[in-house]
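Throughout, a chain's letter reflects where its sequence line sits, starting with A, and its residues are numbered from 1. Since the structure is predicted, the reported quantities are computational estimates derived from the model, not experimental observations.
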There are 2 protein chains.
Amino acid sequence: MKRHIYLEDIPLNEAWAAFSAALEANGLWRPLPTATIPLTEANGRIAAAAIWAKISSPHYHASAMDGFAVRAQDTVGATETNPLYLALIPNDAATEDTTINPVAQAVNTGHPLPAWANAVVMIEHTQPATLPDGRPAIAIRASLPPWQHVRPMGEDMVATELALPANHKLRPVDLGALAGSGHAAVSVYRRPRVAIIPTGSELVAAETAVHTLQPGQIIEYNSLVLAAQVQNWGGLPTRWPIVPDELDAIKTAVIAAAQTHDLILLNAGSSAGSEDYSAHVVQQLGQLLVHGVAVRPGHPVILGMIERRVPHSALPAPHSSCPIIGVPGYPVSAALTGEIFVEPLLAKWQGQPPHTPATLTATLTRKLNSPTGDDDFVRVAVGKVGDNILATPISRGAGVITSLVRADGIVRIPRFSEGADAGTAVTVHLYRTPQEIAQTIVAIGSHDLTLDLLAQFLAAQGHGLRLMSANVGSLGGLVALRRGEAHLAGSHLLDAATGVYNDSYIHRYLPQQPVTLITLVGREQGWIVPPGNPKGLQGWADAANPDVRLVNRQRGAGTRVLLDYELERLGIMPAQVNGYEREEYTHLAVAAAVAAGAADAGLGIRAAARALDLDFAPLAHEQYDLVIPQAYVDGDLLRPLLDLLHDDAFRTAVAAMPGYDITPMGRTRTITHPTN
Amino acid sequence: MKRHIYLEDIPLNEAWAAFSAALEANGLWRPLPTATIPLTEANGRIAAAAIWAKISSPHYHASAMDGFAVRAQDTVGATETNPLYLALIPNDAATEDTTINPVAQAVNTGHPLPAWANAVVMIEHTQPATLPDGRPAIAIRASLPPWQHVRPMGEDMVATELALPANHKLRPVDLGALAGSGHAAVSVYRRPRVAIIPTGSELVAAETAVHTLQPGQIIEYNSLVLAAQVQNWGGLPTRWPIVPDELDAIKTAVIAAAQTHDLILLNAGSSAGSEDYSAHVVQQLGQLLVHGVAVRPGHPVILGMIERRVPHSALPAPHSSCPIIGVPGYPVSAALTGEIFVEPLLAKWQGQPPHTPATLTATLTRKLNSPTGDDDFVRVAVGKVGDNILATPISRGAGVITSLVRADGIVRIPRFSEGADAGTAVTVHLYRTPQEIAQTIVAIGSHDLTLDLLAQFLAAQGHGLRLMSANVGSLGGLVALRRGEAHLAGSHLLDAATGVYNDSYIHRYLPQQPVTLITLVGREQGWIVPPGNPKGLQGWADAANPDVRLVNRQRGAGTRVLLDYELERLGIMPAQVNGYEREEYTHLAVAAAVAAGAADAGLGIRAAARALDLDFAPLAHEQYDLVIPQAYVDGDLLRPLLDLLHDDAFRTAVAAMPGYDITPMGRTRTITHPTN
């Protein structure tokens, strides 16, 4: 029977305290047991104990050069003009014949120094010679200090010295130091075994053929993400097959997983809905410690302990309890739950402090509103534009995994804060290195598929340059340029008075800034309509047909400007347009709305219609420009991107997209502002 | 037949140019062929082509909440005081009965929105109700905007959108985005296969039992280090068995490796000595491009191409040539050759730019002399002491792998530069993160084994704190404190006039600085002698015995101060001491010299004698203090370290070392300087 459950709002630090106390009580808040493994498998593992040198390295006095072993005192007095002669003794002479001093013996690099010798003369600094009695010898023309060109025993490490401390992550050179000090194996912490159990009757495996997908079916990929996270954090993940939303089936899976794993991630069903079983499963099989943590995203997190039925021999330490984390179902919540709860636990089990991401101070480009009750983890894009490091919130839902894919870092807004204003300095916990941030070209403005292609071609060159684009519409792009928030803006703003694209808007919005406009592409705008154009749209006037449900672009988009311009020209009021207020932010989103039947038509580009197998009724040709402040046109960062506009492969790829005209690509004009 | 070879001095950039030109000519200066692999194996791999969304995500309009699907327009006018009632229609009703408007239908999170609905009202915002005709209904008390609590189709990704660009390294969240957009597999670059062939008749495998080692035998571990490097850089290493120094045997191995690998690392034999065969092998089997690069360490590098005999079917692209790198034998040279030549090549083959380490600007603590002809890669230890970031060169030979283990980064001194003065700002290419540097406690001064134990206990706590110690002797430590280069200094400097340790030296060397002295340990000093004390040493006077070859500590070491004090007391002149000028920097190095028979005795601590199974003739008890500037005593960084002095486990471990007295451990005295 399901008992009554409800979701709490436990602050993050209290949730962690409850979890770690329960782990402590079960002897699980400490590193895992150790295993001894050969050095050949030890790269990246964590040393479980201090490692002391077994032997010295080198373990004998070694020649550091190709040359001759000598006694330094025999060389005193040798000069350029007064060479000294040293008799050569054979290499197999075990001991020195003291009657034939002074002597020398050939040695190569790494050879042991004979016991009687204390220096090596390099072969280049000797000449072959013969003594008066006919014995072979060498001539030397400079004296040597003792221990010249000798690697004394223990130069690198002396036996019993500390080679590496415990809890050290073994790097390639560390393996060399261990081998050199006499170790062939090393004691490391056992890897944490983590069971990942996806639950949900609506789920289908990511391996399923996508063409069989039905509405309501959801591709299960949280287990892929969690498994890869566990792997990156040193654990061994096991992905369980999908379990349907049935209490007993989930219990059976959890009981089995607990026998052979150190940790269970149960995903999802962690909320308090009618089909959310996770809390009941944990209550019935063990102890529910926390249900609901005041973090966003990721609120419905469960922390608990499962009692093991049979101590399993495969687990070196048969603890009676197995920790379990109920992971929320939304993909962003799931991935952040991994970072917040799973990573620190795996680190602890490997003797490591929790991962501390590198941080960067950046200026917030937009106001951030945050619920005061939660620790808020805000995904941000970070760009360095000129001397400014800027963080732009990626403000989309917990279901949007691409918000994490595109995130350069996280800004943490603590509980009891209501957020931060635009212009505030915030700390970004980085997913990328500061170098990667510095190699990012920030494009803010109108969306066009050609920008995706440009990003793609840029990445393919392998220079490490990255094009990040934010779609805020043409006007939004000009505003971003004015604020110094972007390197370039895509813009297609028609000036109704002149019929010229962009120039007059730039005079108005960027009156102080010298900019260059480079045409990216010419393209067709028209009605994106369902296949066969069932409502027979042809011209601008169809916008006023009450029977046609339109989907619109957001205010400030060039496409919206175009529509408004044409509506005004025809005397159509926005209130006459069915769907005028339904806004989308990209051409593809408009096409998607039409494809889903949510709208009968939307204004957009031909390629977007073609992408979703829709029809297209052309209305206008327009020009899409890149607006670039002069400093970046002249600088190095954008050079490879601008060169691509003249690259045959890139031009061919753009021309292959329907509705695109590459004839104007690369045309350049510089806007000079009249001096006021 | 071996042909005449000699080592050149080709500048690094020219060597790279020659190598990449030859690779280019063979079609090898580009990413490797691709392979399609399931997402479950794709974590960390590099996407070989742009990945475009196959389906939209979500692929239908989905409810974002548990609640009821409604039409937004039906909710207009609902208020707290004037609820509206919506008739419930069953979930299996495929289409809406328009005669019973307004209606609602139960939906859970993720469920598809019925085609007639355009919003979802949360279950918490409804009450169950019954219509006058008896039908079940819900009451709502607020109107909804259209698309409230709906995840529109394509909210995350729209089909045909760019999901990820080519050359992107796949992270956990990326796998989610790929699965969500309809991909079950991904095209990645094949991993580079790298053969690592160790050569040398003097080599024994690292797996060999160390007690069988003979002088002249060298433990082969470069192949371990190179294999782990290759692994970290995305390649698949093959470690070849050790090949003896025989031309034909090496040729046979190289020919076999070339058939099945993308790159061969031949180690060593890359110099120009009588047993160096690598250049001959490359000449005879292909093309020797470069032999000798002007870098230090790592000069005798070979770059070449091997001609493949039979194109091998296991290699997707059966190029006729296989690049080969002759890697120098000294371990530091070998590891740096990996970083300088192997990493950029593997990166290129994976569509990546070469690794760019994070950099830090630091102040050089010592003068750096650099050969003008070479690009000099200087290993440095980096510490943050107060506000100063300091780089200290680790100036040891190419055979000292621990110099790389201890290095926090590399300072590159370019060709034509003679080095840099102490106090110069230099750029450090980091092996560690700046956070790790900030969590490093820098100890400079006298060496004691207790410091190794302290480092070990500190690391075992898992806070991420690290103790780095540099052994420069007691006086050197005080000088480092004066310069602000260390957090603490170990010191045992006897004041002959007072018999008190350290205080008078601190007055002299740190007259302006408030410091606290905390006694780490008391310990015995005495003669370290071979087992059985064959020369019968007993007292200080034995230092003057011309038959006893001593090994001494360096000037400024507390042990040296002690010896000098006693020699002066007895009226013995340094010139009377056999071996006075032979200096070592640690107790263990002194013991190693005695163990190797290079000296008959040396002054040092009992634990060092015991470590190498030597005998010990005690002479004196002394006190070893930690000297700590007051600011660090009061600060947070050193707290865990100072707490260890009162930790039972640590005290027990120190007491277990022979010759140590923990009674005074933790005794604290603050030095107040008389105001001048």
Side-chain angles (χ1 to χ4, degrees), chain A residues 39 43 50 55-56 60 66 110-112 151 153-154 156-158 160-162 165-167 172-177 179-180 182 184 206-207 210 215-216 218-219 221 224-225 228-229 231 273 331 335 351 353 356 399-402 404-405 435 452 455-456 459-460 462-464 588 592 596 611, chain B residues 39 43 50 55-56 60 66 110-112 151 153-154 156 158 160-162 165-167 172-177 179-180 182 184 206-207 210 215-216 218-219 221 224-225 228-229 231 273 331 335 351 353 356 399-402 404-405 435 452 455-456 459-460 462-464 588-589 592 596 611:
Chain A
L39 289 185
N43 186 28
I55 57 168
S56 297
Y60 56 90
D66 292 352
H111 282 182
R151 296 187 60 210
M153 175 177 153
D156 194 350
M157 270 170 293
V158 176
T160 77
E161 205 178 333
L162 180 68
N167 294 333
V173 290
D174 297 324
L175 305 182
E207 292 81 358
V210 292
I218 294 175
I219 298 175
Y221 61 73
L224 265 177
V225 174
Q229 285 183 329
Q231 207 171 42
T356 335
V400 179
I401 186 83
T402 49
L404 264 181
V405 169
Q435 289 103 300
D452 284 355
Q456 167 48 27
H463 301 309
L588 280 170
Chain B
L39 290 185
N43 187 27
I55 58 169
S56 297
Y60 55 91
D66 291 353
H111 282 183
R151 296 187 60 210
M153 176 177 150
D156 194 351
V158 176
T160 76
E161 205 178 333
L162 179 69
N167 295 332
V173 291
D174 297 325
L175 304 183
E207 291 80 0
V210 292
I218 294 175
I219 298 175
Y221 59 73
L224 265 177
V225 174
Q229 285 183 329
Q231 208 171 41
T356 336
V400 179
I401 186 84
T402 48
L404 264 181
V405 168
Q435 289 104 299
D452 283 356
Q456 167 48 28
H463 301 310
L588 281 170

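- Contact count against chain B (heavy-atom pairs under 4.5 Å) is highest for Arg151(A) among Gln231(A), Arg151(A), His463(A).
- With a 4.5 angstrom heavy-atom cutoff, Ile55(B) touches chain A only via side-chain atoms.
- For the atom pair CG of Leu224(B) and CG of Asp174(A), the computed distance is 12.0 Å after rounding to the nearest 0.5 Å.
- At a 4.5 Å heavy-atom cutoff, the contact between Pro215(B) and chain A is made by backbone and side-chain atoms alike.
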Report task. Apply side chain to side chain contact (heavy atoms under 4.5 Å, CB included) to Tyr60(A) and Ile218(B), showing your working. Result -> CA-CA 10 Å; Tyr60(A) 56 90; Ile218(B) 294 175; 3.5 Å; yes
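- Contact count versus chain A (heavy atoms, under 4.5 Å) is highest, among Pro353(B), Ala184(B), Gly182(B), Ser56(B), for Pro353(B).
- Taking Thr160(A), Leu39(A), Val225(A), Asp66(A) one by one and counting their heavy-atom pairs under 4.5 Å with chain B, the maximum is reached by Val225(A).
- Between Tyr221(A) and Ala179(B) the shortest heavy-atom distance is CB-CB, 3.5 Å.
- Your options are Ile219(B), Leu175(B), Leu588(B), Thr356(B), and the one with the most heavy-atom pairs under 4.5 Å with chain A is Leu588(B).
- Across all non-hydrogen atoms, the minimal contact from Ala335(A) to Val173(B) is CB-CG1, 4.0 Å.
- Most heavy-atom pairs under 4.5 Å with chain B, from the set Ala592(A), Gly176(A), Ala206(A): that is Gly176(A).
- The greatest number of non-hydrogen atom pairs below 4.5 Å with chain B, out of Ala228(A), Ala460(A), Pro331(A), is found for Ala228(A).
- For the atom pair CG of Asn43(A) and CD of Gln229(B), the computed distance is 9.5 Å after rounding to the nearest 0.5 Å.
- Annotation: maximal heavy-atom pairing with chain A below 4.5 Å, among Gly216(B), Ala459(B), Pro112(B), occurs at Gly216(B).
- With a 4.5 angstrom heavy-atom cutoff, Met153(A) touches chain B via backbone and side-chain atoms both.
- The distance from the CG atom of Asp156(A) to the CD1 atom of Ile401(B) is 7.5 Å, given to the nearest 0.5 Å.
- Ala50(A) meets the side chain to side chain contact (heavy atoms under 4.5 Å, CB included) test with Trp52(A), Leu162(A), Gln456(B); sequence neighbours excluded.
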